[in-house]
Amino acid sequence: MARAILVGVDVGGSAAFDATLDELAQLAESAGDMPVARVIARRKAPDPALFVGSGKADEIKALVEGHRAEAVLFDQALSPAQQRNLERHLGVAVADRTMLILEIFAARAQSHEGKLQVELAQLQYLSTRLVRRWSHLERQRGGIGTRGGPGEAQIELDRRMIGERIKTVKERLQKVKRQRNTQRRSRERNQTFRVSLVGYTNAGKSTLFNALVKARSFAANQLFATLDTTTRQFYLEDVGRSVSLSDTVGFIRDLPHKLVEAFEATLQEAAEADLLLHVVDASSPQLAEQMAEVQRVLADIGAGAVPQVLVYNKFDKLEDTQRPRSAVDTLELEGGVRVPRVFVSALDGRGLDELREVISQAVAGTLAERLNVHEIASPSPEQASSDVADGNARRGQQHFQSTP
Ligand SMILES: Nc1nc2c(ncn2[C@@H]2O[C@H](COP(=O)(O)OP(=O)(O)OP(=O)(O)O)[C@@H](O)[C@H]2O)c(=O)[nH]1
Ligand SMILES: [Mg+2]
C-alpha cells in the first residue's frame with residue numbers, strides 16, 4: 001500500500017468539482033493506495049507545466065516529505081508533460097484519475113476479453129507518457145525502469161514497442177469480438193428479452209443482480225467491483241417467460257473517453273438491451289450528478305433511446321423524511337422523457353416484487369400505457385430522493401412499511 005497525497009484542483013469553478021475528494025479517496029483505496037493527506041487548489045486555468053502553481057507544488061512537496069508519501073494522486077486529468085514535470089518536481093510517482101481507474105480495471109478484469117480491453121486502454125494511455133508508477137509495465141517491455149528518468153531515446157524505443165503491442169492486442173480483440181457477435185446472433189434468434197443493469201459504480205447493481213437471479217456475482221464496497229458482463233436467465237411469473245439479465249461495469253464521472261471505447265464490447269450489452277434498469281444509490285449526496293453522468297455515458301454509447309426504469313436502491317439507508325410514500329412512481333428525465341421509478345433495497349429485498357412487476361410490464365409491452373395514464377408532478381433531480389408524489393401508478397397505493 002503506497003501512502004498517497006490526494007490533490008483536487010478546481011479549474012474555473014466547475015460544477016463537477018468534488019471538494020471533499022471522497023470519490024478520489026475511494027478510487028485510491030480501490031487501487032491499493034492509502035490516502036494520508038488531501039489538498040485543494042483553485043485556478044482559473046491549469047498551469048501548462050505543473051497543472052498547479054509553483055507555490056502549490058511546493059506545498060504538496062512539503063506534504064510528501066512530512067507524510068513520507070510515495071505517491072501524489074490528482075483528481076483531474078494531467079497532460080503527459082504536466083505529469084512528467086510533477087514527478088520531477090515532487091520526486092515521487094504522480095498519477096491522475098484516469099490512471100487510477102485503469103489500475104483498478106487491470107486488477108479486476110477476469111475474462112480474456114476484459115483483460116485485453118484493459119491492456120489496450122493502458123497501452124494507449126502509456127503511449128504518450130512514461131511514468132514512474134507503471135515502471136513494471138515498462139520493464140516488461142524491456143525498458144530501463146525509471147531511476148533517474150528515462151532518456152528521450154529510450155522513450156522513443158518504448159513508444160515503438162507500445163505501438164506494436166497495441167496492434168497485437170487490437171487484432172486479438174477483433175477475434176474475440178467476432179466470436180461474441182456469433183453468440184449474440186444466436187441469442188437474437190432466440191428472441192430473448194434482454195434487461196441490462198447500468199449505473200454509477202457502487203450503486204448496488206451486482207447486489208441487485210444477485211437478489212433478482214439468486215446468483216453470486218461479486219459485490220463489494222469498492223469502485224468497479226464488476227468489470228466483465230455477467231448474464232443470467234431469470235423467470236418472471238407474471239408473464240410466464242424468462243428474460244436475460246446482465247450485470248455490467250459501473251460508470252464514473254469523467255470516465256476517460258478512450259476507456260469507454262476500449263470497453264465498447266462490454267457496454268454494447270447495454271446499448272442492445274430491450275430494457276435498462278438504471279440503478280442509483282438513493283442515499284448518495286451526489287445522486288443528481290451521478291444520474292446525470294450515467295445518462296451522458298448512455299447517450300455516448302448509443303443507449304440513449306433504450307427504455308429505462310430507474311431503480312432507487314439502498315432504500316434502507318434513507319432517512320424517514322426522504323422516504324417515498326409509494327414504492328413505484330415516475331420521474332421526468334432531462335429532455336422530458338418520463339420513466340418509471342421503483343424504490344428498492346437490494347440488501348433486504350424491499351421493493352423487489354414491485355420491480356419484478358415493472359419489468360414484467362415492460363416485457364408485456366404495457367409499461368408505456370401505464371406511464372401515459374398516470375401523470376404526476378415531476379420533482380427536480382435535486383429533490384428526486386425526497387420529494388416523491390404518490391398515487392401515480394396503478395399499484396401506487398402500495399406503501400412501504402416504515403422500518404421498525
Ligand atoms: N445499505 C445498502 N447497501 C447496499 C444495497 N445494495 C448494495 N449495497 C452495498 O453497496 C456496495 C456496492 O454494491 P455492488 O453491488 O458491488 O455495487 P455495483 O453497482 O455492482 O458496483 P461496481 O460493480 O463496483 O460498479 C456493497 O457494499 C453493497 O453491500 C442496499 O440496498 N442497501
Ligand atoms: Mg458490480
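When a ligand or atom number is given, it counts from 1 through the structure's own listing order. Note that these values count all heavy atoms, side chains included, but never hydrogens, waters or copies made by symmetry.
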To the nearest 0.1 Å, how far is [atom] from its closest protein heavy atom, and which atom is that?
{"atom": "atom 17 (O) of ligand 1", "result": "G204 N, 3.1 Å"}
{"atom": "atom 6 (N) of ligand 1", "result": "N313 ND2, 3.1 Å"}
{"atom": "atom 18 (P) of ligand 1", "result": "K205 N, 3.4 Å"}
{"atom": "atom 12 (C) of ligand 1", "result": "N202 OD1, 3.0 Å"}
{"atom": "atom 3 (N) of ligand 1", "result": "L347 CD2, 3.7 Å"}
{"atom": "atom 16 (O) of ligand 1", "result": "A220 N, 3.0 Å"}
{"atom": "atom 24 (O) of ligand 1", "result": "A225 N, 2.6 Å"}

List ligand 1 atoms under 4.0 Å from [X], heavy atoms only on the residue side.
{"X": "S206", "result": "15 (O), 18 (P), 20 (O)"}
{"X": "T207", "result": "6 (N), 7 (C), 13 (O), 14 (P), 15 (O), 28 (C)"}
{"X": "A346", "result": "6 (N), 31 (O)"}
{"X": "A203", "result": "19 (O)"}
{"X": "G250", "result": "25 (O)"}
{"X": "T201", "result": "22 (P), 24 (O), 25 (O)"}

_Reported CZ-to-CD distance for the pair R108 and E103, which is rounded to 0.5 angstrom_ =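 Atom-to-atom, R108:CZ and E103:CD are 11.5 Å apart.
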*Value rounded to 0.5 Å, distance of CE in M34 from CD in E29*: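 If we round to the nearest 0.5 Å, M34:CE and E29:CD are 9.5 Å apart.
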Any nitrogen or oxygen of [X] lying under 3.5 Å from a nitrogen or oxygen in ligand 1? Just yes or no.
{"X": "S345", "value": "yes"}
{"X": "V249", "value": "no"}
{"X": "D247", "value": "no"}
{"X": "F315", "value": "no"}

*Honestly, is R323 close enough over F315, meaning NZ or CZ under 6.0 Å from the six-membered ring centre and within 45° of the axis?*
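Satisfied, under 6.0 Å and within 45°.
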*Cationic tip of R350 within the cone over F343's six-membered ring, i.e. under 6.0 Å and within 45° of the normal?*
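Output no; distance or angle outside limits.
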_Considering V344, V198, V280, D316 one by one, which has a heavy atom nearer to atom 32 (N) of ligand 1 than any of the others?_
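Result: the heavy atom closest to atom 32 (N) of ligand 1 is in D316.
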_Selected option - heavy-atom contact closest to atom 8 (N) of ligand 1, from K314, R108, R350_ =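 Residue with the shortest heavy-atom distance to the ligand atom: K314.
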*For ligand 1, is G199 a contact, meaning one of its heavy atoms is under 4.0 Å away?*
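It does not, in that no heavy atom of G199 comes within the 4.0 Å cut-off of ligand 1.
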*S206 near the Mg ion (ligand 2): N/O/S under 2.8 Å*: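 So S206 does bind the Mg ion (ligand 2) by this criterion.
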Strictly by modelled atom types, are [X] and [Y] linked by a side-chain donor-acceptor pair under 3.5 Å?
{"X": "E113", "Y": "Q179", "result": "no"}
{"X": "S345", "Y": "D348", "result": "yes"}
{"X": "T330", "Y": "R338", "result": "yes"}

_Short N-O contact, R296 and E293, less than 4.0 angstrom_ =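 Between E293 and R296 there is a salt bridge, with a charged N closer than 4.0 Å to a carboxylate O.
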*Can you find a heavy atom in the side chain of V363 that is under 4.5 Å from one in the side chain of D238?*
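They are not in side-chain contact.
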*Quick one: are I40 and D10 in side-chain contact, heavy atoms under 4.5 Å?*
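Of all side-chain heavy-atom pairs linking D10 with I40, none is under 4.5 Å.
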*asked:* Given 3.5 Å as the limit, does a donor-acceptor pair link the side chain of Y200 with the main chain of R253, or not?
replied: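 Yes.
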*asked:* Looking at Q76 and D96, would you say the former's side chain and the latter's main chain have a donor-acceptor pair under 3.5 Å?
replied: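 The answer is no, because no donor-acceptor pair under 3.5 Å joins these two groups.
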*Verify the neighbour count for atom CZ of R38: are there more than 12 heavy atoms of other residues, nucleotides or ligands below 6.0 Å?*
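Buried by this count: over 12 neighbours within 6.0 Å.
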*asked:* If we set the cut-off at 4.0 Å for heavy atoms, which region of K317 has an atom near ligand 1: side chain, backbone, both, or neither?
replied: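 The part of K317 near ligand 1 is the side chain, not the backbone.
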